[in-house]
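Structure record follows, encoded as structure tokens.
By convention here, the first residue in the shown sequence is residue 1. Numbering of ligands and ligand atoms starts at 1, following listing order.
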Amino acid sequence: MDVSDSQSDSHIITYSPAYTLVPTYECFNRCSYCNFRAEAGSSPWLSVEDAENQLRLLQCQGVCEILILSGEVHPRSSRRKAWFQLIYDLCDLALSLGFLPHTNVGPLSWEEMARLKQVNVSMGLMLEQLTPELLKTVHCYAPSKIPEVRLQQLQWAGELGIPFTTGLLFGIGETEQDWWESLNAIAQIHGEYGHIQEVILQPYSEGTTEIFHSQSFGLNHLVKVIRKARQILPLDITIQIPPNLVDTVGNLPQRSSALLACLEAGARDLGGISPKDEVNPDYPHPHSYRLREVIEPAGWKLVARLPVYPKYDSWLPARLQRVVERWRIGDR
Ligand SMILES: O=c1nc2n(C[C@H](O)[C@H](O)[C@H](O)CO)c3cc(O)ccc3cc-2c(=O)[nH]1
Ligand SMILES: C[C@H]1O[C@@H](n2cnc3c(N)ncnc32)[C@H](O)[C@@H]1O
Ligand code: SF4
């Protein structure tokens with residue numbers, strides 16, 4: 001199908017002006033491609049007071065989304081309750097200061113997810129890839145990455161009516177066939193609940209602190225994936241790509257053309273643009289004016305968006321609807 005028939009008809013490319021809070025880097029999983037995790041005990045948890053100081057500095061700076069991104073405490077650990085409460089409190093704080101929280105902290109229990117719905121305008125969890133083969137390799141010590149667990153999270157989010165972001169990570173040892181199966185699984189779940197607002201197509205990018213150390217996923221492959229994803233995914237799901245992981249190789253003209261090739265293939269969103277990419281700290285996010293410089297000469301228009309898409313506003317609890325409404329009418 002021609003992408004010009006779709007939502008993507010217009011030449012608008014969106015991004016979300018964002019800031020990331022990390023409750024903790026400690027994680028009981030060991031995904032071998034991870035440049036984020038720390039050992040339990042080696043990294044203090046963020047305090048609500050420190051978070052408040054960080055957030056107050058951001059007020060009136062155009063930042064709208066607060067991404068809560070975390071390492072994980074085991075579901076049966078005695079520290080799980082405190083970990084969850086900290087996440088809840090950070091969301092509540094962000095909301096009370098007028099920001100819009102989006103939480104992505106790994107798999108949750110049904111009760112945890114239901115409680116976080118009250119303080120998040122959308123939530124996220126990457127499917128990564130559907131194939132269980134990766135449990136023998138990169139996810140060998142990462143029980144949170146069991147594909148059925150992740151699929152069930154997408155299902156629960158649908159049942160709870162939570163606007164959701166998911167995505168795939170490419171270049172971690174999966175096959176081409178695996179790509180299409182993973183995309184089809186997302187399309188199928190969205191068919192049931194209609195809650196997936198965007199799918200991130202994330203190229204694995206080699207970092208300095210991981211143990212995997214493989215070659216970053218090639219851009220020619222990414223363009224192919226985007227094109228096919230646009231055919232597999234329903235048209236009301238936006239395809240998101242991270243510009244800092246695309247815009248990295250070659251000299252200037254080549255870099256710009258990589259990003260443009262992704263847009264031509266069907267990507268329409270550049271995700272959260274924040275001062276630091278916590279997941280890929282070796283790849284700083286480009287400024288929005290730099291992105292504009294690259295894409296506008298090619299006829300695209302860069303526009304900021306909220307972390308919840310308008311058609312889901314009515315799904316949100318009343319308190320959240322009020323904060324979202326202020327952003328929609330530009331009263332922030
Ligand atoms: O800056 C980043 N934002 C990430 N985000 C945030 C994303 O770019 C958007 O800001 C949100 O999806 C809101 O629409 C994620 C959100 C998810 O739900 C799942 C995974 C990611 C991954 C990243 C990431 O690697 N870097
Ligand atoms: C938050 C999300 O970031 C992605 N992620 C984790 N490590 C890397 C990496 N080295 N390169 C690209 N993406 C990564 C995973 O898909 C995770 O779910
Ligand atoms: S990718 Fe997420 S789950 Fe895996 S080790 Fe890193 S923080 Fe933990």
With a cut-off of 4.0 Å, which atoms of ligand 1 are near a heavy atom of [X]?
X	result
H285	1 (O)
M126	19 (C), 20 (C)
G272	1 (O), 7 (C), 8 (O), 9 (C), 10 (O)
Q202	25 (O)
E65	9 (C), 10 (O), 11 (C), 13 (C)
G124	18 (O)

For ligand 2, which atoms, with element, lie under 4.0 Å from some heavy atom of [X]?
X	answer
L169	12 (C), 13 (N), 14 (C), 15 (C), 16 (O)
E128	15 (C), 16 (O), 17 (C), 18 (O)
N35	10 (N)

For atom 9 (C) of ligand 1, state whether the nearest protein heavy atom is under 4.0 Å away. yes
Could you tell me whether the side chain of [X] and the main chain of [Y] form a donor-acceptor pair under 3.5 Å?
X	Y	result
D178	T175	yes
K228	W180	no
T14	A304	no

Please state which protein non-hydrogen atom is closest to [atom] and give its distance, to 0.1 Å?
atom	value
atom 18 (O) of ligand 1	H102 NE2, 2.8 Å
atom 4 (Fe) of ligand 3	C31 SG, 2.3 Å
atom 8 (Fe) of ligand 3	C27 SG, 2.4 Å
atom 7 (S) of ligand 3	F36 CD2, 3.6 Å
atom 2 (C) of ligand 2	M126 CG, 4.0 Å
atom 3 (N) of ligand 1	L67 CD2, 3.6 Å
atom 1 (S) of ligand 3	K145 NZ, 3.5 Å
atom 7 (N) of ligand 2	Y33 CD1, 3.3 Å
atom 5 (N) of ligand 2	V279 CG1, 3.4 Å
atom 12 (O) of ligand 1	E198 OE2, 2.9 Å
atom 19 (C) of ligand 1	N104 ND2, 2.8 Å
atom 26 (N) of ligand 1	D277 OD1, 3.3 Å
atom 13 (N) of ligand 2	Q202 NE2, 3.1 Å

Crowded around [X] [atom1]? As in, over 12 foreign heavy atoms under 6.0 Å?
X	atom1	result
Q85	CD	yes
K276	NZ	yes
K301	NZ	no
Q321	CD	yes

Without hydrogens or angle criteria, can the side chains of [X] and [Y] be said to hold a donor-acceptor pair below 3.5 Å?
X	Y	value
D269	T238	no
E65	S16	yes
T103	N120	yes

I'd like to check whether N280 has a polar contact with ligand 2, where a contact means an N/O of the residue lying under 3.5 Å from an N/O of the ligand. yes
Tell me whether S205 has any N or O atom under 3.5 angstrom from an N or O of ligand 2. yes
Regarding ligand 1, does Q197 bring an N or O atom to under 3.5 Å of one of the ligand's N or O atoms? no
Are any of the side-chain nitrogens in [X] or [Y] under 4.0 Å away from the carboxylate oxygens of its partner?
X	Y	result
E52	R56	yes
E112	K81	no
R305	E198	yes

Out of D269, I200, V121, T103, the nearest non-hydrogen contact to atom 15 (C) of ligand 1 is supplied by I200
Option from Y204, F217, Y33 for which ring-ring contact (aromatic ring centres under 6.0 Å, His included) with F170 holds: F217
Examine ligand 1 and decide if any of its atoms is less than 4.0 Å from a heavy atom belonging to R305. yes
Mark the output for Q240 as yes if a heavy-atom distance to ligand 1 is under 4.0 Å, and as no if none is. yes
Test side chain to side chain contact (heavy atoms under 4.5 Å, CB included) on K145 and V138 and set out the steps. CA-CA 10 Å; K145 302 277 162 126; V138 288; over 6 Å; no
For E72, the ligand 3 atoms whose distance to one of its heavy atoms is below 4.0 Å: 3 (S)
Worked verdict on L154 versus F164 for side chain to side chain contact (heavy atoms under 4.5 Å, CB included): CA-CA 8 Å; L154 299 189; F164 214 75; 3.4 Å; yes
Using a 4.0 Å heavy-atom cut-off, which part of P203 comes near ligand 2: side chain, backbone, both, or neither? backbone
Derivation and outcome, side chain to side chain contact (heavy atoms under 4.5 Å, CB included), residues H213 and E210: CA-CA 7 Å; H213 284 302; E210 66 187 67; 4.0 Å; yes
Under 2.8 Å from atom 4 (Fe) of ligand 3, is there an N/O/S atom belonging to C34? no
Testing the basics here: between S182 and L130, what is the closest heavy-atom pair and its distance to 0.1 Å? OG-N, 3.0 Å
